[in-house]
Amino acid sequence: ILGSDEHNAEYAYSPRTSSILKLLSNMLSFFPERKYDALGTAFSFGVTHTSDLLKSIGSSIPSQEDVEKDHIRRKRENELAVFEACFHGLCKCLPDSKVLRSCTGILLDYIVQDLNSRFEYDIETSFNANEKIAISVCKTLTKVQNVENIIVCVFPYLSELVNAPSKELRKVISAVLCKIDMVQVLKRMEAAELYAIELQKFNDEVSSDNEKLRLEREEADKVKAKAENVEQLNSHLMEEVERLKAENVELERQVAIFSEGSAYT
C-alpha cells in the first residue's frame, strides 16, 4: 500500500489518503503486541518512503495556475499526513529501538543541514519539506509515550534547532525538550564519559598485552631458530662421529693386516 506506483506517481497517496490513514490506525489498534516488531519494520519503510515522496513533491515548481498550486498543496498535505501516521506507528511499535533512533536522527539532521547551508525556501509556497517533516517528528515525540530515550539520543539535533527561523519549528522543539529529564541527560553523559574512559583503558591494556605477545613471539621465534641451528649442528657432529668411527675401523683393520704380515716375516 505504501510502495511507490510509477503509473500513479503524480497523485501519490492523494486519492486514497483517508483509507490509508484509517488502515494504519486500525493496524495499531488491533495488531497484537507480539507482532509489533514486524509492524514496526513496515512503519519504518513507510517513514522512509513517504519522506522521500514528500521531498520530491516539495522540490517541484508549481505553475502560476491556482488549480495546479492547490493540487500540489493537497499532495503535500496528504503525504505529510501519511508520513506522520507512519512515524507515530514506528514510535508506538519500537519506542526504544535502534531503528527509531537512527530514523529520527536522520530526519532531524536533514533540516539541520538545510539551516547550516542557508537553504532557501520555495518562496511561492513557503514550503520546506525537511522542516515540515521535522515538525511532524517533534509533534509525534511530544504525544507518544516511552520515547524519552530517543529524545535524549537526538538531543544534539534538537539543540541546534532551538534558534531555527521557523516559529512553528521552534515551538515544537521546545515542547520536545520539555519532555527531557535534564538530570537523566547529565547522568547519561557522565556515564558515557566514564564508559569512554574505561574503554580507552581497556584498549590500552589490550594494546600493551598485544605488544607483550608480539615480543614473546619474537623471542620464541629466536629460541626456535637457535634450537634448529643446534639440531643441525648436532646432526653434522653425529655424521662426523660416524665418519671417524668408520675411519677408525679401517685403520684397525689395516693395522691388523700389517701386524700379521710382520709376524710372518
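Note: hydrogens, waters and symmetry copies are ignored here, and every other heavy atom, side chains too, is used.
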Main-chain N/O of K98 paired to S102 side chain as donor or acceptor, under 3.5 Å
no
So D96 and L100, do their side chains get closer than 4.5 Å, heavy atoms only?
no
Inter-residue atom distance E160.CD - I173.CD1, 0.5 Å rounding:
10.5 Å
Taking the side chain as everything from C-beta on, heavy atoms only, tell me whether I180 gets closer than 4.5 Å to E148.
no
Taking CZ in R243 as the centre, count heavy atoms belonging to other residues, nucleotides or ligands within less than 6.0 Å. Is the count above 12?
yes
Considering non-hydrogen atoms only, spot the tightest contact between P165 and R170 and give its length.
O-NH1, 3.0 Å
Take atom CD in E240; do more than 12 heavy atoms of anything else shown fall under 6.0 Å from it?
yes
L141 to I151 - nearest heavy-atom pair and separation:
O-CD1, 4.1 Å
Checking V162 against S174 for the side-chain contact (heavy atoms from CB on, under 4.5 Å) test, could you report, in this order, the C-alpha distance in whole Å, the side-chain angles of both residues, the deciding distance, and whether it holds?
CA-CA 7 Å; V162 169; S174 298; 5.7 Å; no
Work out which heavy atom in V112 is nearest to a heavy atom in L161; give both atom names and the distance.
CG2-CD2, 3.8 Å
Within a strict 4.5 Å, meaning less than it, do heavy atoms of the L54 and T50 side chains meet?
no
Give a yes or no on whether a salt bridge exists between R214 and E211, defined as a side-chain N under 4.0 angstrom from a carboxylate O.
yes
Taking all non-hydrogen atoms of both residues into account, name the closest pair between G40 and L90 and its distance.
O-CD1, 3.5 Å
Keeping the roles fixed (side chain from S25, backbone from L21), state whether a donor-acceptor pair exists under 3.5 Å.
no
Applying side-chain contact (heavy atoms from CB on, under 4.5 Å) to Q145 and not counting sequence neighbours gives none
Full working for side-chain contact (heavy atoms from CB on, under 4.5 Å) between D114 and I111
CA-CA 5 Å; D114 283 352; I111 184 61; 4.1 Å; yes
Measure the SG-CG distance between C93 and L28 for me, rounded to the nearest 0.5 Å.
5.0 Å
So, N248 side chain and L244 main chain: donor-acceptor pair closer than 3.5 Å or not?
no
To the nearest 0.5 angstrom, please state how far the OG atom of S51 sits from the CD atom of E79.
10.0 Å
Hey, is NZ on K171 packed in by over 12 heavy atoms from elsewhere, all under 6.0 Å?
no
Check the surroundings of atom CD in E247: do more than 12 heavy atoms from other residues, nucleotides or ligands lie under 6.0 Å from it?
yes
Salt-bridge contact E168-K139 (side-chain N to carboxylate O under 4.0 Å):
yes
CG (N163) with more than 12 external heavy atoms under 6.0 Å
no
Would you check if F43 and L94 make a side-chain contact, meaning some heavy-atom pair closer than 4.5 Å?
no
Pairwise side-chain contact, T142 with V172, heavy-atom cut-off 4.5 Å (strictly under)
no
A225 backbone acceptor or donor facing N229 side chain under 3.5 Å:
yes
Is there a donor in the side chain of S166 and an acceptor in the side chain of E131, or the other way round, less than 3.5 Å apart?
yes
Taking all heavy atoms of S97 and all of I150, pick out the closest pair and write down the distance.
O-CD1, 3.9 Å
Determine whether a donor-acceptor pair (N or O, by modelled atom type, separation under 3.5 Å) exists between the side chain of N234 and the backbone of V230.
no
Which heavy atom in K55 sits nearest to a heavy atom in Y110, and how many Å separate them?
NZ-CE1, 3.2 Å
More than 12 heavy atoms of other residues, nucleotides or ligands under 6.0 Å from CD of E190: is that the case?
no
Within a strict 4.5 Å, meaning less than it, do heavy atoms of the K179 and V147 side chains meet?
yes
Could you measure the distance from the SG atom of C138 to the CG atom of L169? Nearest 0.5 Å is fine.
6.5 Å
4.5 Å side-chain heavy-atom contact, L177 and F155
yes
Does the side-chain contact (heavy atoms from CB on, under 4.5 Å) test come out yes or no for K92 and V144, once each step is laid out?
CA-CA 7 Å; K92 291 281 287 185; V144 181; 4.2 Å; yes
Side chains of S235 and E239: does their closest heavy-atom pair fall under 4.5 Å?
yes
Please report the C-alpha distance between Q254 and E250 in whole Å, then the side-chain angles of each, then the deciding distance to 0.1 Å, and finally whether the side-chain hydrogen bond (donor to acceptor under 3.5 Å, both in side chains) criterion is met.
CA-CA 6 Å; Q254 291 180 5; E250 179 62 21; 3.1 Å; yes
Cation-pi check, K132 to F83: give yes when NZ or CZ is under 6.0 Å from the six-membered ring centre and within 45° of the ring axis, no otherwise.
no
Drop me the distance from K35's NZ to M27's CE, to the nearest 0.5 angstrom.
12.0 Å
State the CG-CG distance between L237 and L233, to the nearest 0.5 angstrom.
4.5 Å
